[in-house]
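Letters A, B, ... are given to chains in the order of the sequence lines, protein chains preceding strands, and every chain is numbered from 1.
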Amino acid sequence: MIDIELIRKKPEYVKERLATRDKSLTDLVDQVLDLDGRRRGIIAKVESLRAERNRKSKEIGKLRREGKDTSALEEEVRHIKEEIDRLEEDLRKVREDLRKLMLRIPNLPHPSVPVGEDETQNVEVRRWGEPKEFSFDPRPHWEIGEMLGILDFERGATLAGSRFTVVKGLGARLERALINFMLDLHTEKGYREVIPPHLVRPEIMEGTGQLPKFEEDLYRCDRDDLYLIPTAEVPLTNLFRDEILREEDLPIYLTAYTPCYRREAGSHGKDVRGIIRQHQFNKVELVKIVHPERSYEELESLVRDAEEVLRLLGLPYRVVELCTGDLGFSASKTYDIEVWFPSQGRYREVSSCSNCEDFQARRMNTRFKDSSGRNRFVHTLNGSGLAVGRTLAAILENYQREDGSVEVPEVLRDYVKADIISPG
RNA sequence: GGAGAGGUGGCCGAGCGGUCGAAGGCGGCCGCUUGCUAAGCGGCAGAGGGUUAACAGCCCUCCGAGGGUUCGAAUCCCUCCCUCUCCGCCA
């Protein structure tokens, strides 16, 4: 949620910033202004009536104790109450409308974010590693996975439908190795490991911005009114909702491995082969809860922490800064990390690192008490560190050999307890 | 799932339908006292909102959440959420 006071005080600025995402968003600002004006008008009336009621009710108490007649006053208060009830009904409606509207307005892009309409206008920031030259035609990971008997798409589909895959044998162990490797690396850097619930309440989804706008992308357990998390960002970031932290508690660094569940509504036809786009995939997530004045340096180090995984794995990658039009709903600024896929001859996203500033903190009501004693919203950041399934796919492709076997990256050998994964 | 108990300020814990945003204790902050520490004394401290130049003043709301009764509710009634105890079931 963006600060309504900012909308009130600098509506043109807010419109200008939102327009860099999508020009149609500026209308929403005018709607907010209108509703907010009405809301405050009603509040002023209700409150003065309430003050009057309070005074008169106290008066009644006093007179009664003195044994005097109060029926006339009581009648007055009854009328005031009716008036209050009417106004409160209006207020409830206006507030509800305003809230619904506010929850659907995305975060303002940071001024440093390049303006652009879609992913084609994202800006490459840096590259690391050289894509390997193969002496043969590199196979796509799904072919390698099937040849090695570690990826089973048919049985996955039998069990749960398309975009579900069964990982087997050394493939499963490689995946588990990646998870452990990533968690070990991040916890050494000071991130605290967490195992959160994978099912959360609607208001938790609202806190990080998945709801109300992206309901169709989520799996919901109707009977219990719970949602499956699409990323560990959701439970981790919400961990301190409705809390006032101490300044010295910041920054808080968290990491978690969880499966992620996404309906992938609207992505029909994209990445239908392989494990790039699955309804369920594993991810190790990084979350930071930080002092607002330091969130941008924290974003840079967050990206570095995620990059470190790929460096140690020896996978070529690049870092891309998302343009305004490609930015996610809650983010002010985002870097994507993309790893090289030889079979596709291009880089594919394995991590997305965002600074959400106080956008999520407002929704979750997570604050801290600063040195002058004022309560302020924290800034929240999140980043994949990394998407495990995609990293596995990248390893299969980048480390493949002509005979179909796959070399295990050096840093994973102790975890996997093998140097090579061979067919059979 | 069944039976019972309970949810009050950073923590513990009182609270008669009106004078309660709430006693008291602990913890916190600021003074004073004081070789140091400890103790003692005095004072200050909740959250959100409206008005406003204002983190001043005034006003409104908040005692798990939401409804209701009442002239008036932390106190009475209903629903929900959560916690604890016992029983049942269970990895």
N/O (side chain, [X]) to phosphate O (OP1/OP2, [N]) under 4.0 Å:
X        : N     : result
A/Arg39  : B/G50 : yes
A/Arg367 : B/G48 : yes
A/Arg78  : B/C71 : yes
A/Asn54  : B/U61 : yes

In the strands shown, is [N] matched to any nucleotide by a Watson-Crick or G-U wobble pair with both distances under 3.5 Å, and which?
N     : result
B/A56 : none
B/G24 : B/C12
B/G46 : B/C62
B/C86 : B/G2

Pairwise C1' distance, B/U33 and B/A38 [rounded to whole Å]: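 Result for the C1' pair: 13 Å, nearest Å.
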C1' atom, B/G7 versus B/C62: distance in rounded Å?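 After rounding to an integer number of Å, I get 16 Å for this pair.
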Distance-only donor-acceptor test (3.5 Å): side chain A/Glu47, base B/G49: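 Under the 3.5 Å cut-off, the side chain and the base do form a donor-acceptor pair.
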Base of B/G18, side chain of A/Arg64 - is there a donor-acceptor contact under 3.5 Å?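 Yes.
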[X] side chain, from C-beta outward: closest of [options]:
X        : options             : value
A/Ala51  : B/U70, B/G18, B/C60 : B/C60
A/Ile43  : B/G49, B/G18, B/A47 : B/G49
A/Arg8   : B/A47, B/C55, B/G50 : B/G50
A/Arg201 : B/C82, B/G48, B/G72 : B/C82
A/Arg40  : B/C55, B/C71, B/U51 : B/U51

Does the distance from a Lys or Arg side-chain N to an Asp or Glu carboxylate O, for A/Lys15 and A/Glu12, drop under 4.0 Å?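 Looking at A/Lys15 and A/Glu12, the cut-off is met.
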Under 4.0 angstrom, heavy atoms only, what part of the nucleic acid is A/Lys45 near: base, sugar-phosphate, or nothing?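 A/Lys45: no heavy atom of the nucleic acid under 4.0 Å.
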